Amino acid sequence: MANSNISIHEDNRLLQAKYDITAWFYDILDYPWERQYRKWRPRLLGDVNGHVLEAGVGSGRNLSYYGEQVKLLGIDICKEMIRRALKRASKARCLIDIRQEDATVMTTVPSGQFDWLIATFLCCVMPDHLQPLAVKQFVRVLKPGGKFRLLEMVYSNDKKLRRRQERIERFVEKVYGARFDRGTLEHISRSDALRVTNTYFIKKDVYLIIEGEKVA
Ligand SMILES: C[S@@+](CC[C@H](N)C(=O)[O-])C[C@H]1O[C@@H](n2cnc3c(N)ncnc32)[C@H](O)[C@@H]1O
């Protein structure tokens with residue numbers, strides 16, 4: 001459940017305030033994109049099992065795709081997003097706890113307990129200078145050998161597509177805090193405790209999946 005006395009990194013306050021507003025329109029604004037994302041979510045979550053941490057759970061778009069074998073903890077920095085996720089959680093097949101937490105701090109999340117860490121469109125929202133803090137938390141909360149899977153969006157190398165991204169980049173950053181140029185793969189690759197085992201694009205060279213595991 002949402003808890004208002006959590007520790008939030010000072011540099012995340014603006015993003016939190018942004019999402020307090022965006023949350024009211026999030027599902028409507030995101031709908032044109034969600035129409036394609038919902039085709040990918042079963043693929044992203046179908047093989048996930050055990051004790052799972054979803055960071056940046058948002059309005060709970062992933063929740064119905066977890067199987068009943070999953071025990072999920074969802075965290076998000078924004079209470080309003082959590083309120084929406086809780087509604088979706090009530091219809092999900094697995095056991096779900098959702099709480100307000102900053103993925104760069106995670107004070108209430110226990111160490112070494114999770115078989116999986118899932119984050120979809122979290123790191124493209126997270127400022128680059130905070131990402132090493134989140135990576136440190138990912139390492140801390142995963143069990144040795146625990147797996148992670150992230151879905152992020154990046155700039156395309158295709159000139160036409162890149163121009164289309166540039167036309168919407170200001171809107172995307174203003175409304176979602178998201179950018180196409182976050183260095184998430186680099187931040188993760190720099191960690192000695194995480195091993196990236198696979199990266200691939202789920203659509204064009206824009207929607208990037210990063211998979212890996214915590215070194216046992
Ligand atoms: C673009 S939304 C993605 C939501 C969801 N994962 C999805 O796939 O639809 C990004 C979410 O990350 C959350 N968020 C951003 N920074 C965060 C942080 N440091 N800790 C936890 N949640 C964060 C936002 O509040 C928002 O709900």
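Predicted model only: the values in this text are computed from it and were never measured.
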*Test side-chain contact (heavy atoms from CB on, under 4.5 Å) applied to Arg140 and Val109, step by step*: CA-CA 9 Å; Arg140 182 181 67 76; Val109 182; 4.2 Å; yes

_Minimum heavy-atom distance between Thr108 and Arg99, given as atom pair plus value_ = O-NH1, 2.8 Å

*Within a strict 4.5 Å, meaning less than it, do heavy atoms of the Asp47 and Arg149 side chains meet?*
yes

*Contact summary for Leu117 and Ala55, nearest pair of heavy atoms*: CD2-CB, 4.4 Å

*If only atom types and distance count, is the side chain of Gln69 paired as donor or acceptor with the main-chain N or O of Val48 below 3.5 Å?*
yes

*side-chain contact (heavy atoms from CB on, under 4.5 Å) partner of Asn12, the single match among Val105, Asp102, Leu133*: Asp102

*Does Asp97 come within less than 4.0 Å of Lys71, counting only side-chain N to carboxylate O?*
no

*Heavy-atom distance under 4.5 Å between the side chains of Cys78 and Leu15, does that happen here?*
no

*Between Arg84 and Asp76, does at least one N-O distance fall below 4.0 Å, as a salt bridge requires?*
no

*To the nearest 0.5 angstrom, please state how far the CG atom of Leu122 sits from the CZ atom of Arg182.*
10.5 Å

*For the residue pair Phe121 and Tyr37, is the inter-centroid distance of their aromatic rings smaller than 6.0 Å?*
yes

*Minimum-distance pair of heavy atoms, taken over all atoms of Gln100 and Ile6*: O-CG2, 3.1 Å

*asked:* Classify the ring geometry of Phe180 against Tyr155: parallel below 30°, tilted from 30° to 60°, perpendicular beyond 60°.
replied: tilted

*Does any non-hydrogen side-chain atom of Asp30 lie less than 4.5 Å from one of Tyr176?*
yes

*Under 3.5 Å, side chain of Glu80 to main-chain N/O of Tyr19, donor-acceptor pair present?*
no

_If we ignore hydrogens and angles and just use 3.5 Å, is the side chain of Arg88 paired with the main-chain N or O of Ser59 as donor and acceptor?_
yes

*Sub-4.5 Å side-chain heavy-atom contact between Thr120 and Arg61*: no

_So that I can tick it off, tell me whether Arg162 and Glu166 are bridged by a salt bridge, with the cut-off set at under 4.0 angstrom between side-chain N and carboxylate O._
yes

*Can you tell if the side chain of Glu211 reaches within under 4.5 Å of the side chain of Tyr200, non-hydrogen atoms only?*
yes

*Could you give me the CA-CA distance, side-chain angles and deciding distance for Leu29 and Phe171, then say whether side-chain contact (heavy atoms from CB on, under 4.5 Å) is met?*
CA-CA 11 Å; Leu29 280 176; Phe171 168 82; 4.3 Å; yes

*With rounding to the nearest 0.5 Å, note down the distance linking CD in Gln113 to CG in Leu73.*
10.5 Å

*How long is the gap from SG on Cys124 to CZ on Arg179, to the nearest 0.5 Å?*
11.5 Å

*For Ile98 and Val57, which heavy atoms make the closest approach, and how far apart are they?*
CG2-CG1, 4.1 Å

*Lys/Arg N to Asp/Glu carboxylate O, Glu213 vs Arg195, below 4.0 Å*: yes

*Looking at CG of Leu63 and CG of Leu72, how far apart are the two atoms once the value is rounded to the nearest 0.5 Å?*
6.5 Å

*Would a distance-only check, ignoring hydrogens and angles, find a side-chain to backbone donor-acceptor pair under 3.5 Å from Asp205 to Asn157?*
yes

*Please round to the nearest 0.5 Å and tell me the distance separating atom NZ of Lys204 and atom CG of Asp158.*
8.0 Å

*Met153 side chain reached by Val172 side chain, heavy atoms, under 4.5 Å*: yes

_Let's go through Ser156 and Gln165 carefully: what are the C-alpha distance in whole Å and the side-chain angles of both, what is the deciding distance for side chain to side chain donor-acceptor pair (under 3.5 Å) to 0.1 Å, and is it a yes or a no?_
CA-CA 8 Å; Ser156 172; Gln165 291 175 308; 5.0 Å; no

_Measuring only between side-chain heavy atoms, which start at C-beta, is Phe148 closer than 4.5 Å to Ile210?_
yes

*Drop me the distance from Arg38's CZ to Gln36's CD, to the nearest 0.5 angstrom.*
11.0 Å

*Looking at Glu152 and Cys123, what are the two nearest heavy atoms and their distance?*
OE2-N, 3.1 Å

*Taking the inter-plane angle between the rings of Phe114 and His51 on a 0 to 90° scale, is it parallel (under 30°), tilted (30 to 60°) or perpendicular (over 60°)?*
tilted

*Any ion pair linking Glu173 and Arg170 (charged N to carboxylate O, less than 4.0 Å)?*
no

_Leu185 and Val196, any side-chain heavy atoms less than 4.5 Å apart_ = yes

_Neighbour count above 12 (heavy atom, 6.0 Å) for Glu68 CD_ = no

